[in-house]
Amino acid sequence: MSRTVRTVRTVFRALAGAVRVAQSLCRSVLGDTPVRLLALLVVAAVAGLMLVAAWDGLWSRLPWSAERRLDRAEAELADARSSLRARQIEAEARARQATAVDDAHHTLTQARAATARAIAQSEGAPDADQPLDPDRLARLRAHDRRLCDLSPALCRPADGRSPEPVQ
């Protein structure tokens, strides 16, 4: 048995008891007079007010009541707000990821271009087949410096310390 049905039964039993008590009091005190009729009407009005008050409490538990619709609307609003916040976080993450990919692509393109220039210079150099001389060594070091400028986290510092971690 549901809570609503139990509440309705309890209210009706209380009202019926109140009416019986009022009838017995009226008979014993007032007898059969118009005052008795008026007293019964007053008791019936009070019982009716009690029933209306109980009905109002019962009505709020029904699924189509304004309170239930308000609860559902507030729950839907909270869900929509949390979903919106999740979508905003996802959009921000996608924007950061796109920026990181663009930066990595730019770095890769510059590294490839610098490497291609260094290869072309070293292949076209008159000393390409000879052991390293100071000019060739300077070219290779310049190329290495250019690569380290593009991605400093990947190059070991000259003093032998570990490079800073990539973030």
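Computation of the quantities below employed the complete heavy-atom set of this structure, encompassing side-chain atoms and omitting hydrogens, waters and symmetry-equivalent molecules. These figures come from a predicted structure and were not determined experimentally. Counting from 1, the numbers follow the sequence of the chain as shown.
In terms of the side-chain contact (heavy atoms from CB on, under 4.5 Å) criterion, residue partners of Glu92 (sequence neighbours excluded) are, by chain and number, Arg85, Arg96. Not counting sequence neighbours, the partners of Ala114 by the side-chain contact (heavy atoms from CB on, under 4.5 Å) test are Arg117, His143, Arg146.
In this structure, CG in Leu108 is found 11.0 Å from NE2 in His106, a value given to the nearest 0.5 Å. Here the straight-line distance linking atom OG1 of Thr109 with atom NE2 of His105 works out to 4.0 Å at 0.5 Å rounding. Remark: Leu84 CG to Asp79 CG distance equals 12.5 Å, nearest 0.5 Å. Note: Gln97 CD to Asp102 CG = 10.5 Å, rounded to the nearest 0.5 Å. To the nearest 0.5 angstrom, Arg72 atom CZ is 10.0 Å from Leu70 atom CG. Note that the CZ atom of Arg141 and the CG atom of Asp144 stand 9.0 Å from one another [nearest 0.5 Å].
Look at Arg94 and Glu90 and you find a salt bridge, because one of the NZ, NE, NH1 or NH2 atoms lies within 4.0 Å of a carboxylate O, short of that distance.
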